[in-house]
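Residue numbers start at 1 and run along the sequence shown. One-based numbering, in listed order, for ligands and for the atoms of each.
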Amino acid sequence: MAQAEVATINGERTRESDRLAALSATGILDSEPEASFDAITRLCADYFKADTVFLGFADESRLWIKSAWGEPVRELPRRGSIFELVLAANGPVIVPDILEDPRFRDNGLALRRLEARSFAAVPIRCCEGQVLGELVIINSHPRRSMARDELRMLENLAELASNQVELRYLRQNGRPRDSRPPSQPQHAVPIWPQPADLRAALERHEFELFYQPEVELATHQIVGLEALIRWRHPERGLVPPMDFIPAAEESGLILPIGDWGLAEVCSQIRQWTREDHSHSALRVCVNLSARQFSRDGLADHVEALLSRYGIASRQLGLEMTESSLMSDTRAAFDVLNDLRRLGVSLLMDDFGTGYSSLNYLHSFPFDVLKIDRSFVTRMTEGQQALQIVKTIIELARALGMDVVAEGVETREQHALLRDLGCRYGQGFLFSRPISADATTELLRLPGRIMPDHMLVSQLT
Ligand code: C2E
Ligand code: MG
Ligand code: MG
């Protein structure tokens, strides 16, 4: 029987105890299910039109189902189950027709309970490679074997589950709990800037928008721009957003600052379109903070700006991170749909850094997914990050979304991303964020195509 084989052959016993140790380190069996797991099973069920999909992790005796789509399943006996097959194969297992398969003549009780006729299962691994669980698709009728594309999709979805397990492990064990000295309060208000400094900066028009191009990787054509705020401080010089946006958020002054930014972008779009009508094809994106997002009437406000500046809604994009949607997801859902109806593009920023990005991605109407810079940076360093990027690209494709890779700094990253099917990129390789005047110059390039010599690798 598969169980006995797994436990005895070639030191498998040690491997099995390593597996159990890795499983227990995740704490996954004792905790609430992750919302992202539900997103994965739902996505999988949609894609494969399956009767049942489940995602489970196996200890010595049972397969604990952490998310099931279709027929509710909480646990299955491990012995004689699909998990044993996956473990023995150390990889995907596809059985097009169980009734015809000799491995299921005498066992497969677990499956019979689900009235399965066919299934496919792929392993979910920890970062050391041990199989912790599996993602399983079950159908009550026999199905043809899987096409290569389908198998890759299934593996990608399992990889996403693996990534969630990894993030969870990091969250629990990998990060210093709190590196601040104990006397310092958790949310210390920064000494600078105080709300009065921010208010004064607004009155004195010290904020400025810089722009960074978004480029089509295959052609180097500039297809969009991201507006990034700067504070031109009379003494401190050009202050980056991370030094004052958190204080602006804390004090609520992000609302007037954000209003200024939105109006400024619309005015700039009008200016560029007037200069050259072909620039109306560009999408200029603005970052939104949670507070702007949860305020009533955002869609009305955006609509009024579009009409005041006479620009088309497709010329404007709004970027938000998952955390900005977290506080009130129901309201976020309504606002996003209102914005979507207007026709502005919605971009999920920094994708991959949140713990439940997947969940939002599936239920919110985003057009574009921006892969967080941290993955792009690590992509050339090892298989793990490369696989994450690959998975995100596949996932976006399955959901009909465009992908923009953030933080492209080298030609190697550029080539890899293009080969992986990522269509757009943004990063220092193409241009750092630059002033509006410098951007106007950049847009004058014939066809808005950046010649090869303008691409400057930031790392060797
Ligand atoms: P973000 O929206 O993810 O913007 C991308 C950030 O990555 C920018 O930093 C950009 O300069 C930087 N970046 C782009 N390409 C590369 C690269 O190749 N290498 C490296 N190392 N960095 C790269 P920036 O301008 O400092 O902005 C930081 C964050 O501040 C933004 O992250 C965004 O979350 C926030 N932010 C910027 N402008 C605004 C704004 O107007 N409103 C709000 N609410 N937030 C803003
Ligand atoms: Mg952004
Ligand atoms: Mg970003």
- Do we get Arg230 above Phe210's six-membered ring, with its NZ or CZ under 6.0 Å from the centre and within 45° of the axis?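 Relative to the ring axis of Phe210, which defines the angle, Arg230 lies inside both limits.
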- From the candidates Arg432, Lys370, Glu249, Gln212, the one that places a heavy atom nearest atom 15 (N) of ligand 1: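 The residue whose heavy atom sits nearest atom 15 (N) of ligand 1 is Gln212.
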Please state whether the separation between the Mg ion (ligand 2) and some N/O/S atom of [X] is under 2.8 Å?
X      : answer
Asp349 : yes
Glu319 : yes
Thr321 : no

Taking atom types as modelled, find out whether [X] and [Y] have a side-chain donor-acceptor pair closer than 3.5 angstrom.
X      : Y      : result
Thr410 : Ser457 : no
Glu412 : Thr380 : no
Asp437 : Ser435 : no

Are any of the N/O atoms on [X], whether in the backbone or the side chain, positioned under 3.5 angstrom from an N/O atom of ligand 1?
X      : answer
Gln426 : no
Phe428 : yes
Asp350 : yes

- Item | Residue and atom name of the nearest protein heavy atom (relative to atom 31 (C) of ligand 1), distance in Å to one decimal |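 The answer is Leu228 CD2, 4.1 Å.
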- Task: Identify which one of Leu217, Leu442, Val456, Ile222 satisfies the side chain to side chain contact (heavy atoms under 4.5 Å, CB included) criterion when paired with Phe430.
- Result: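 The side chain to side chain contact (heavy atoms under 4.5 Å, CB included) with Phe430 is passed solely by Leu217 among Leu217, Leu442, Val456, Ile222.
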- Carboxylate-amine/guanidinium proximity below 4.0 Å for Glu319 and Lys370: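 Yes, this pair counts.
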- Task: State the atoms of ligand 1, each with its element, that fall below the 4.0 Å cut-off from a heavy-atom position in Asp349.
- Result: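 Answer, ordered by atom number: 1 (P), 2 (O), 3 (O).
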